[in-house]
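Here is the structure we will look at, set down as C-alpha coordinates.
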Amino acid sequence: MTKLLTISSPKRLYLQEVVTRDGFQAESHFVATKDKIALINRLSRAGYAKIEVTSFTSPKAIPMLADAEAVMRGIDRFPGVEYTVLIPNLKGAERAVHLGVDEFNLVMSVSEAHNLANLKMGREDSFKALSSVIELAHQQKIPVNISLSTSFGCPMTGITSLADLMHWVDRFAALGVRGFTICDTTGMANPEQVQTVCQAVLNKYPRLQWTLHFHNTRGMGIANALSAVNSGIDRFDSSLGGLGGCPYAPGATGNICTEELVHMFDLMGFDTHMDIDTLLTCSQDLQSLIGRTLPSQLLMAGKVGNLHIAPRQP
Ligand code: COA
Ligand code: ZN
(Lines give C-alpha, C1' and ligand atoms only; values in the text may rest on other atoms or scores of the structure.)
(Ligands and ions follow the chains in the order given, each with its own letter.)
Protein backbone atom coordinates (compact mmCIF):
# COMPACT_ATOMS: atom_id res chain seq x y z
CA MET A 1 0.00 0.00 0.00
CA THR A 2 1.16 3.56 -0.65
CA LYS A 3 1.47 5.91 2.32
CA LEU A 4 -1.42 8.24 3.15
CA LEU A 5 -1.35 11.49 1.20
CA THR A 6 -0.34 14.57 3.14
CA ILE A 7 -2.89 17.22 2.31
CA SER A 8 -1.45 20.70 1.88
CA SER A 9 -4.47 22.29 0.18
CA PRO A 10 -7.82 20.59 0.80
CA LYS A 11 -8.55 18.06 -1.89
CA ARG A 12 -12.10 18.33 -3.24
CA LEU A 13 -14.15 15.16 -2.90
CA TYR A 14 -17.55 14.64 -4.53
CA LEU A 15 -20.27 12.87 -2.58
CA GLN A 16 -23.19 11.11 -4.24
CA GLU A 17 -26.20 9.99 -2.19
CA VAL A 18 -27.92 6.69 -3.02
CA VAL A 19 -30.28 6.20 -0.06
CA THR A 20 -33.51 6.72 -2.00
CA ARG A 21 -32.39 4.16 -4.62
CA ASP A 22 -29.96 1.58 -3.17
CA GLY A 23 -31.31 2.31 0.32
CA PHE A 24 -35.02 2.00 -0.31
CA GLN A 25 -35.00 -0.74 -2.99
CA ALA A 26 -34.79 -3.61 -0.49
CA GLU A 27 -37.03 -2.18 2.24
CA SER A 28 -39.95 -4.39 3.20
CA HIS A 29 -42.42 -1.50 3.68
CA PHE A 30 -43.18 0.95 0.90
CA VAL A 31 -41.88 4.43 1.73
CA ALA A 32 -44.56 6.95 0.71
CA THR A 33 -43.81 8.99 -2.41
CA LYS A 34 -44.18 12.28 -0.51
CA ASP A 35 -41.66 11.12 2.10
CA LYS A 36 -39.14 10.17 -0.59
CA ILE A 37 -39.56 13.60 -2.20
CA ALA A 38 -39.23 15.43 1.13
CA LEU A 39 -36.05 13.50 1.99
CA ILE A 40 -34.44 14.23 -1.39
CA ASN A 41 -35.30 17.93 -1.05
CA ARG A 42 -33.65 18.08 2.39
CA LEU A 43 -30.59 16.16 1.18
CA SER A 44 -30.27 18.51 -1.78
CA ARG A 45 -29.29 21.25 0.69
CA ALA A 46 -26.52 19.17 2.28
CA GLY A 47 -23.83 19.73 -0.37
CA TYR A 48 -23.96 16.63 -2.59
CA ALA A 49 -22.55 16.65 -6.11
CA LYS A 50 -25.11 14.07 -7.20
CA ILE A 51 -28.19 12.30 -5.87
CA GLU A 52 -29.44 9.00 -7.26
CA VAL A 53 -33.14 9.69 -7.02
CA THR A 54 -34.69 6.33 -7.92
CA SER A 55 -34.55 3.50 -10.45
CA PHE A 56 -36.64 2.88 -13.55
CA THR A 57 -36.65 -0.87 -13.11
CA SER A 58 -39.57 -3.23 -13.41
CA PRO A 59 -42.03 -2.54 -10.57
CA LYS A 60 -42.43 -6.31 -10.29
CA ALA A 61 -38.67 -6.66 -9.64
CA ILE A 62 -38.37 -3.61 -7.35
CA PRO A 63 -41.85 -2.71 -6.02
CA MET A 64 -40.39 -0.17 -3.55
CA LEU A 65 -39.44 2.12 -6.43
CA ALA A 66 -42.59 1.72 -8.50
CA ASP A 67 -43.25 5.45 -8.05
CA ALA A 68 -40.10 6.50 -9.96
CA GLU A 69 -41.90 8.93 -12.31
CA ALA A 70 -43.79 10.63 -9.47
CA VAL A 71 -40.65 11.04 -7.36
CA MET A 72 -38.60 12.40 -10.26
CA ARG A 73 -41.38 14.85 -11.18
CA GLY A 74 -42.00 15.85 -7.55
CA ILE A 75 -38.53 16.85 -6.35
CA ASP A 76 -37.13 20.38 -6.39
CA ARG A 77 -33.99 20.82 -8.45
CA PHE A 78 -31.19 22.52 -6.58
CA PRO A 79 -28.50 24.26 -8.63
CA GLY A 80 -25.18 22.44 -8.43
CA VAL A 81 -26.77 19.05 -7.66
CA GLU A 82 -27.05 16.48 -10.44
CA TYR A 83 -30.05 14.15 -10.28
CA THR A 84 -29.33 10.71 -11.71
CA VAL A 85 -31.50 7.58 -12.03
CA LEU A 86 -30.69 3.88 -12.35
CA ILE A 87 -31.75 2.26 -15.62
CA PRO A 88 -31.55 -1.48 -16.43
CA ASN A 89 -33.00 -1.59 -19.98
CA LEU A 90 -34.54 0.36 -22.88
CA LYS A 91 -38.01 0.29 -21.33
CA GLY A 92 -36.62 2.02 -18.23
CA ALA A 93 -34.84 4.61 -20.39
CA GLU A 94 -38.03 5.35 -22.31
CA ARG A 95 -39.85 5.97 -19.02
CA ALA A 96 -37.14 8.37 -17.80
CA VAL A 97 -36.17 10.17 -20.98
CA HIS A 98 -38.65 13.06 -20.76
CA LEU A 99 -38.30 13.73 -17.03
CA GLY A 100 -35.26 16.01 -17.26
CA VAL A 101 -32.82 13.71 -15.48
CA ASP A 102 -29.19 14.89 -15.48
CA GLU A 103 -27.77 11.44 -16.14
CA PHE A 104 -28.71 7.88 -17.02
CA ASN A 105 -26.94 5.46 -14.67
CA LEU A 106 -27.03 2.14 -16.52
CA VAL A 107 -26.43 -1.05 -14.61
CA MET A 108 -25.04 -4.48 -15.34
CA SER A 109 -22.83 -6.96 -13.50
CA VAL A 110 -19.31 -8.10 -14.23
CA SER A 111 -20.36 -11.53 -12.94
CA GLU A 112 -22.58 -13.57 -15.27
CA ALA A 113 -24.30 -15.28 -12.31
CA HIS A 114 -25.20 -11.97 -10.67
CA ASN A 115 -26.37 -10.47 -13.94
CA LEU A 116 -28.70 -13.43 -14.45
CA ALA A 117 -30.04 -13.12 -10.88
CA ASN A 118 -30.41 -9.34 -10.97
CA LEU A 119 -31.37 -8.54 -14.54
CA LYS A 120 -32.68 -11.94 -15.72
CA MET A 121 -30.36 -12.02 -18.72
CA GLY A 122 -26.76 -12.79 -19.62
CA ARG A 123 -24.14 -10.05 -19.83
CA GLU A 124 -24.05 -10.05 -23.66
CA ASP A 125 -27.83 -9.44 -23.77
CA SER A 126 -27.45 -6.69 -21.18
CA PHE A 127 -24.65 -5.10 -23.18
CA LYS A 128 -26.79 -5.16 -26.32
CA ALA A 129 -29.76 -3.65 -24.48
CA LEU A 130 -27.63 -0.99 -22.80
CA SER A 131 -25.99 -0.10 -26.13
CA SER A 132 -29.45 0.89 -27.42
CA VAL A 133 -30.01 2.93 -24.26
CA ILE A 134 -26.70 4.74 -24.81
CA GLU A 135 -27.78 5.56 -28.37
CA LEU A 136 -31.04 7.01 -27.08
CA ALA A 137 -29.20 9.00 -24.38
CA HIS A 138 -26.76 10.42 -26.92
CA GLN A 139 -29.65 11.52 -29.17
CA GLN A 140 -31.22 13.26 -26.17
CA LYS A 141 -27.87 14.67 -24.97
CA ILE A 142 -28.16 12.90 -21.61
CA PRO A 143 -24.77 11.91 -20.09
CA VAL A 144 -24.36 8.20 -19.38
CA ASN A 145 -22.71 6.54 -16.40
CA ILE A 146 -22.21 2.77 -16.24
CA SER A 147 -22.54 1.05 -12.86
CA LEU A 148 -20.68 -2.24 -12.91
CA SER A 149 -22.03 -4.44 -10.12
CA THR A 150 -19.85 -7.17 -8.57
CA SER A 151 -16.70 -5.38 -9.80
CA PHE A 152 -14.62 -6.77 -6.94
CA GLY A 153 -16.43 -9.98 -6.09
CA CYS A 154 -19.64 -11.92 -6.58
CA PRO A 155 -21.34 -13.85 -3.75
CA MET A 156 -21.97 -16.74 -6.15
CA THR A 157 -18.70 -16.98 -8.09
CA GLY A 158 -16.03 -15.37 -5.88
CA ILE A 159 -13.43 -12.67 -6.48
CA THR A 160 -13.73 -10.77 -9.78
CA SER A 161 -10.54 -10.58 -11.83
CA LEU A 162 -9.24 -7.21 -12.98
CA ALA A 163 -9.20 -8.58 -16.55
CA ASP A 164 -12.96 -9.33 -16.39
CA LEU A 165 -13.69 -5.86 -15.05
CA MET A 166 -11.51 -4.15 -17.67
CA HIS A 167 -13.19 -6.15 -20.44
CA TRP A 168 -16.54 -4.44 -19.68
CA VAL A 169 -14.95 -1.07 -18.95
CA ASP A 170 -13.26 -1.14 -22.37
CA ARG A 171 -16.43 -2.10 -24.22
CA PHE A 172 -18.54 0.62 -22.61
CA ALA A 173 -15.78 3.24 -22.83
CA ALA A 174 -15.70 2.62 -26.59
CA LEU A 175 -19.38 3.67 -26.73
CA GLY A 176 -18.61 7.16 -25.38
CA VAL A 177 -19.92 7.06 -21.81
CA ARG A 178 -18.87 9.84 -19.44
CA GLY A 179 -18.09 7.69 -16.43
CA PHE A 180 -18.26 4.47 -14.47
CA THR A 181 -19.26 3.42 -10.99
CA ILE A 182 -17.19 0.51 -9.75
CA CYS A 183 -19.51 -1.30 -7.35
CA ASP A 184 -18.58 -3.65 -4.53
CA THR A 185 -22.13 -4.99 -4.37
CA THR A 186 -21.70 -7.28 -1.37
CA GLY A 187 -18.65 -5.86 0.43
CA MET A 188 -16.07 -8.35 -0.82
CA ALA A 189 -13.33 -5.85 -1.73
CA ASN A 190 -10.28 -5.21 0.44
CA PRO A 191 -8.12 -2.05 0.43
CA GLU A 192 -5.25 -3.70 -1.47
CA GLN A 193 -7.55 -4.87 -4.26
CA VAL A 194 -9.21 -1.44 -4.35
CA GLN A 195 -5.84 0.22 -4.89
CA THR A 196 -5.02 -2.13 -7.79
CA VAL A 197 -8.40 -1.56 -9.46
CA CYS A 198 -8.43 2.24 -8.98
CA GLN A 199 -4.91 2.66 -10.33
CA ALA A 200 -5.71 0.47 -13.36
CA VAL A 201 -8.86 2.36 -14.37
CA LEU A 202 -7.39 5.82 -13.71
CA ASN A 203 -4.25 5.00 -15.67
CA LYS A 204 -6.19 3.75 -18.65
CA TYR A 205 -9.05 6.31 -18.67
CA PRO A 206 -7.91 9.39 -16.70
CA ARG A 207 -10.51 11.66 -18.33
CA LEU A 208 -13.59 9.61 -17.42
CA GLN A 209 -15.58 10.27 -14.25
CA TRP A 210 -14.88 7.44 -11.78
CA THR A 211 -17.11 6.72 -8.78
CA LEU A 212 -16.45 4.07 -6.15
CA HIS A 213 -19.47 2.36 -4.59
CA PHE A 214 -18.81 0.31 -1.48
CA HIS A 215 -21.00 -1.77 0.78
CA ASN A 216 -19.96 -2.34 4.36
CA THR A 217 -21.03 -6.00 4.46
CA ARG A 218 -17.78 -7.17 6.04
CA GLY A 219 -16.70 -3.97 7.79
CA MET A 220 -14.16 -2.99 5.11
CA GLY A 221 -16.23 -0.22 3.50
CA ILE A 222 -14.59 2.90 4.95
CA ALA A 223 -11.09 1.38 4.71
CA ASN A 224 -11.81 0.72 1.03
CA ALA A 225 -12.95 4.32 0.51
CA LEU A 226 -9.73 5.59 2.05
CA SER A 227 -7.70 3.29 -0.16
CA ALA A 228 -9.58 4.63 -3.20
CA VAL A 229 -8.87 8.26 -2.20
CA ASN A 230 -5.20 7.46 -1.77
CA SER A 231 -5.24 5.94 -5.25
CA GLY A 232 -6.58 9.17 -6.79
CA ILE A 233 -10.38 8.67 -6.70
CA ASP A 234 -12.43 11.75 -5.73
CA ARG A 235 -16.05 10.58 -6.09
CA PHE A 236 -18.06 8.24 -3.87
CA ASP A 237 -21.53 6.78 -3.57
CA SER A 238 -22.79 6.37 -0.02
CA SER A 239 -26.09 5.95 1.75
CA LEU A 240 -27.56 7.97 4.58
CA GLY A 241 -27.40 5.95 7.79
CA GLY A 242 -25.76 3.06 5.91
CA LEU A 243 -29.09 1.78 4.55
CA GLY A 244 -29.05 -0.33 1.40
CA GLY A 245 -28.30 -3.56 -0.43
CA CYS A 246 -29.12 -5.42 -3.61
CA PRO A 247 -32.25 -7.57 -3.24
CA TYR A 248 -30.77 -10.06 -5.77
CA ALA A 249 -27.44 -10.67 -4.02
CA PRO A 250 -27.39 -13.24 -1.19
CA GLY A 251 -26.21 -11.68 2.09
CA ALA A 252 -26.21 -8.10 0.81
CA THR A 253 -26.26 -5.30 3.38
CA GLY A 254 -25.98 -1.55 3.47
CA ASN A 255 -23.78 0.87 1.59
CA ILE A 256 -21.05 2.75 3.38
CA CYS A 257 -22.71 5.34 5.57
CA THR A 258 -22.70 8.90 4.22
CA GLU A 259 -22.32 10.68 7.54
CA GLU A 260 -19.46 8.38 8.63
CA LEU A 261 -17.65 8.90 5.33
CA VAL A 262 -18.07 12.69 5.40
CA HIS A 263 -17.12 12.89 9.09
CA MET A 264 -13.87 11.01 8.40
CA PHE A 265 -12.97 12.97 5.26
CA ASP A 266 -13.72 16.32 6.97
CA LEU A 267 -11.55 15.41 9.97
CA MET A 268 -8.72 14.52 7.60
CA GLY A 269 -8.93 17.96 5.96
CA PHE A 270 -10.58 17.03 2.67
CA ASP A 271 -13.07 19.46 1.14
CA THR A 272 -16.37 17.56 0.84
CA HIS A 273 -18.69 20.60 0.61
CA MET A 274 -21.00 18.62 2.92
CA ASP A 275 -23.01 19.83 5.91
CA ILE A 276 -22.53 17.04 8.46
CA ASP A 277 -25.20 18.39 10.85
CA THR A 278 -27.88 18.30 8.15
CA LEU A 279 -26.83 14.73 7.38
CA LEU A 280 -27.14 13.67 11.02
CA THR A 281 -30.60 15.23 11.36
CA CYS A 282 -31.77 13.59 8.13
CA SER A 283 -30.35 10.25 9.24
CA GLN A 284 -32.11 10.51 12.63
CA ASP A 285 -35.41 11.26 10.89
CA LEU A 286 -34.84 8.39 8.45
CA GLN A 287 -34.82 5.99 11.41
CA SER A 288 -38.31 7.16 12.31
CA LEU A 289 -39.41 6.90 8.68
CA ILE A 290 -38.35 3.26 8.25
CA GLY A 291 -39.09 2.32 11.85
CA ARG A 292 -35.77 0.84 12.88
CA THR A 293 -32.24 1.70 13.94
CA LEU A 294 -29.79 2.37 11.12
CA PRO A 295 -26.26 0.92 11.15
CA SER A 296 -24.69 4.41 11.38
CA GLN A 297 -22.16 4.38 14.22
CA LEU A 298 -21.80 8.14 13.99
CA LEU A 299 -25.49 8.55 14.71
CA MET A 300 -24.98 6.47 17.85
CA ALA A 301 -21.72 8.05 19.05
CA GLY A 302 -22.00 11.64 17.77
CA LYS A 303 -19.19 13.63 16.14
CA VAL A 304 -15.66 13.53 17.53
CA GLY A 305 -16.13 17.17 18.59
CA ASN A 306 -19.18 16.40 20.77
CA LEU A 307 -17.76 16.40 24.29
CA HIS A 308 -19.41 14.99 27.39
CA ILE A 309 -19.54 16.28 30.95
CA ALA A 310 -16.91 14.48 33.04
CA PRO A 311 -18.38 12.24 35.75
CA ARG A 312 -18.20 13.77 39.27
CA GLN A 313 -15.25 12.61 41.34
CA PRO A 314 -16.31 10.84 44.58
N1 COA B 1 -39.82 -0.58 -16.20
C2 COA B 1 -41.08 -1.01 -16.08
N3 COA B 1 -41.51 -2.22 -16.47
C4 COA B 1 -40.60 -3.02 -17.05
C5 COA B 1 -39.27 -2.64 -17.21
C6 COA B 1 -38.88 -1.34 -16.76
N7 COA B 1 -37.62 -0.91 -16.86
N8 COA B 1 -38.61 -3.64 -17.80
C9 COA B 1 -39.49 -4.63 -18.00
N10 COA B 1 -40.70 -4.26 -17.55
C11 COA B 1 -41.94 -5.04 -17.54
C12 COA B 1 -42.31 -5.53 -18.92
O13 COA B 1 -43.08 -4.57 -19.59
C14 COA B 1 -43.10 -6.77 -18.61
O15 COA B 1 -44.38 -6.40 -18.14
P16 COA B 1 -45.67 -7.36 -18.33
O17 COA B 1 -45.37 -8.61 -17.54
O18 COA B 1 -46.78 -6.55 -17.76
O19 COA B 1 -45.73 -7.61 -19.79
C20 COA B 1 -42.36 -7.33 -17.41
O21 COA B 1 -41.70 -6.22 -16.81
C22 COA B 1 -41.37 -8.38 -17.78
O23 COA B 1 -40.55 -7.88 -18.82
P24 COA B 1 -39.17 -8.55 -19.24
O25 COA B 1 -38.57 -7.79 -20.37
O26 COA B 1 -39.41 -10.03 -19.43
O27 COA B 1 -38.30 -8.25 -17.99
P28 COA B 1 -37.80 -9.23 -16.88
O29 COA B 1 -38.92 -9.78 -16.10
O30 COA B 1 -36.84 -10.17 -17.52
O31 COA B 1 -37.00 -8.21 -15.96
C32 COA B 1 -35.57 -6.34 -15.61
C33 COA B 1 -35.83 -7.58 -16.41
C34 COA B 1 -34.16 -5.87 -15.85
C35 COA B 1 -36.51 -5.24 -16.02
C36 COA B 1 -35.83 -6.62 -14.12
O37 COA B 1 -35.14 -7.78 -13.77
C38 COA B 1 -35.42 -5.49 -13.25
O39 COA B 1 -36.00 -4.42 -13.26
N40 COA B 1 -34.43 -5.69 -12.40
C41 COA B 1 -34.00 -4.65 -11.52
C42 COA B 1 -32.85 -5.10 -10.75
C43 COA B 1 -32.40 -4.04 -9.78
O44 COA B 1 -32.77 -2.89 -9.82
N45 COA B 1 -31.57 -4.48 -8.84
C46 COA B 1 -31.05 -3.68 -7.82
C47 COA B 1 -30.10 -2.65 -8.28
S48 COA B 1 -28.55 -3.22 -8.82
ZN1 ZN C 1 -25.08 -0.92 -4.11
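Start at 1 and go down the list; that is how both ligands and their atoms are numbered.
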[Y]/[X] salt bridge by N-O under 4.0 Å criterion:
{"X": "E103", "Y": "K50", "result": "yes"}
{"X": "K303", "Y": "E259", "result": "no"}
{"X": "R178", "Y": "E82", "result": "yes"}

Check: T211/D237 side-chain N/O donor and acceptor closer than 3.5 Å: no
Exercise: do T181 and N145 side chains pair donor with acceptor under 3.5 Å: yes
Report whether I87 and V97 are members of the same hydrophobic cluster (ILVMFWY, side-chain heavy atoms less than 4.5 Å apart, transitive linking). yes
A cation-pi test, strictly: NZ or CZ of K36 under 6.0 Å from the centre of the six-membered ring of F30 and no more than 45 degrees from its axis. Yes or no? yes
Rounded distance (nearest 0.5 Å) linking atom CG of L294 with atom CD1 of I290: 4.5 Å
Closer than 2.8 Å to the Zn ion (ligand 2), which protein N, O or S atoms? D22 OD2, H213 NE2, H215 NE2
Which class fits the ring pair F180 and W210: parallel under 30°, tilted 30 to 60°, perpendicular over 60°? parallel
So what's ligand 1 close to, N/O to N/O, under 3.5 Å?
residue, atom, partner, partner atom, Å
ligand 1, 1 (N), T57, O, 3.3
ligand 1, 1 (N), R95, NH1, 2.8
ligand 1, 7 (N), F56, O, 3.0
ligand 1, 7 (N), N89, OD1, 2.9
ligand 1, 7 (N), G92, N, 3.3
ligand 1, 8 (N), N89, ND2, 2.9
ligand 1, 13 (O), K91, NZ, 3.0
ligand 1, 17 (O), K60, NZ, 2.6
ligand 1, 18 (O), K60, NZ, 3.3
ligand 1, 37 (O), N118, O, 3.4
ligand 1, 39 (O), S58, N, 2.8
ligand 1, 40 (N), N118, O, 3.3
ligand 1, 45 (N), N118, OD1, 2.8

